[in-house]
Number of protein chains: 2
Amino acid sequence: MTVDEDQARFLRCIGEPTRLQILKLVAEGDRYVGELAEILNKEQSLISHHLRVLKECNIVKDKQEAQKVYYRIMDDRLAKLITEIEALMIELSLCKCQQ
Amino acid sequence: MTVDEDQARFLRCIGEPTRLQILKLVAEGDRYVGELAEILNKEQSLISHHLRVLKECNIVKDKQEAQKVYYRIMDDRLAKLITEIEALMIELSLCKCQQ
DNA sequence: TCTTTATATGAACTATAATTCATATAAATA
DNA sequence: TATTTATATGAATTATAGTTCATATAAAGA
């Protein structure tokens, strides 16, 4: 496993629209699975699958409270990074990924 | 097309090991297709396909000189971003993607 | 103009990832 | 302990993306 492969995997991990939405939500504060599913209007199992991907990449962590499982972003610097990427994309008019 | 979809697409665009390697090379200076293929030990057509993906996302630009086509990164801030992502990943011990 | 060199392209194939559905697990409560 | 609530999981399906191969295009030089 090279550094480039690792970095690419990380980028693909956050490079999925639903996961990106999840990340932006759990960057603001703890959210439980059902809450995320409702907000994003997606099936619970789908959200669960995406959360597993994020967790396996150490991008989020979870904490069980009663029946609910709360997720949060692993580190605020990740949230900051995502914000910076978005800002740069806008600044550079990137990836209206034409057509 | 939402912002999240756009951002996710951009992240997937750079989230492929060979494209990431290409980006790091063309961040240092202009490179022509055959050169990239040789350095990365990949087929010319494969590199060409990847370059097209990067170009369609406005991440690289090209310039023809005689028969050769030179590629470079669209903006130095993109190179800087990639460096920062790598640095943060190392700092956070992210994505040894422990399966 | 014929040949060589460099790159791009499209189709076919292969691999990877996302989604759905049914169901399992497990905690809380009646 | 039977039921409800919340989440996770695995298999099957579908969608997306990467790779290869053959070939097209186009510039340069013999």
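Not measured: the values here are computed from a predicted model.
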Does OP1 or OP2 of C/dA18 have a side-chain N or O of A/Arg19 closer than 4.0 Å?
-> yes
Verify the contact: side-chain N or O of A/Arg52 to OP1 or OP2 of D/dT7, cut-off strictly under 4.0 Å; return yes or no.
-> no
Nearest heavy atoms of [X] and [Y], plus distance in Å:
X       : Y       : answer
B/Cys57 : A/Leu94 : O-CD2, 3.6 Å
B/Ala8  : A/Pro17 : CB-N, 3.6 Å
A/Arg12 : B/Glu16 : NH1-CA, 4.1 Å
B/Ser93 : A/Asn58 : O-ND2, 4.4 Å

Sequence neighbours left out, what pairs pass ring pair (Phe, Tyr, Trp, His ring centres under 6.0 Å) with at least one residue falling in residues 52-88 of chain B?
-> B/Tyr32-B/Tyr70
Could you give the [atom1]-to-[atom2] distance, from [X] to [N], as a whole number of Å?
X       : N      : atom1 : atom2 : result
A/Gln64 : D/dT7  : CD    : P     : 9 Å
B/Lys68 : D/dG29 : NZ    : C1'   : 14 Å
A/Leu20 : C/dA18 : CG    : C1'   : 16 Å
A/Leu51 : D/dA6  : CG    : C1'   : 13 Å
A/Glu16 : D/dT14 : CD    : P     : 19 Å
A/Gln67 : D/dA8  : CD    : P     : 13 Å
A/Glu65 : D/dT5  : CD    : C1'   : 16 Å
B/Lys55 : C/dT7  : NZ    : P     : 13 Å

Between A/Glu84 and A/Lys80, is there a side-chain N and carboxylate O pair less than 4.0 Å apart?
-> yes
Can A/Arg52 and A/Glu56 be counted as an ion pair, charged N to O under 4.0 angstrom?
-> yes
List in numerical order all residues of residues 39-50 of chain A for which some heavy atom is under 4.0 Å away from an atom belonging to DNA chain C.
-> A/Glu43, A/Ser45, A/Leu46, A/His49, A/His50
Any idea which of D/dT7, D/dA28, C/dT7 is nearest the B/Ala66 side chain?
-> D/dA28
Using a 4.0 Å heavy-atom cut-off across all strands, classify B/Tyr71 as base, sugar-phosphate, or nothing.
-> sugar-phosphate
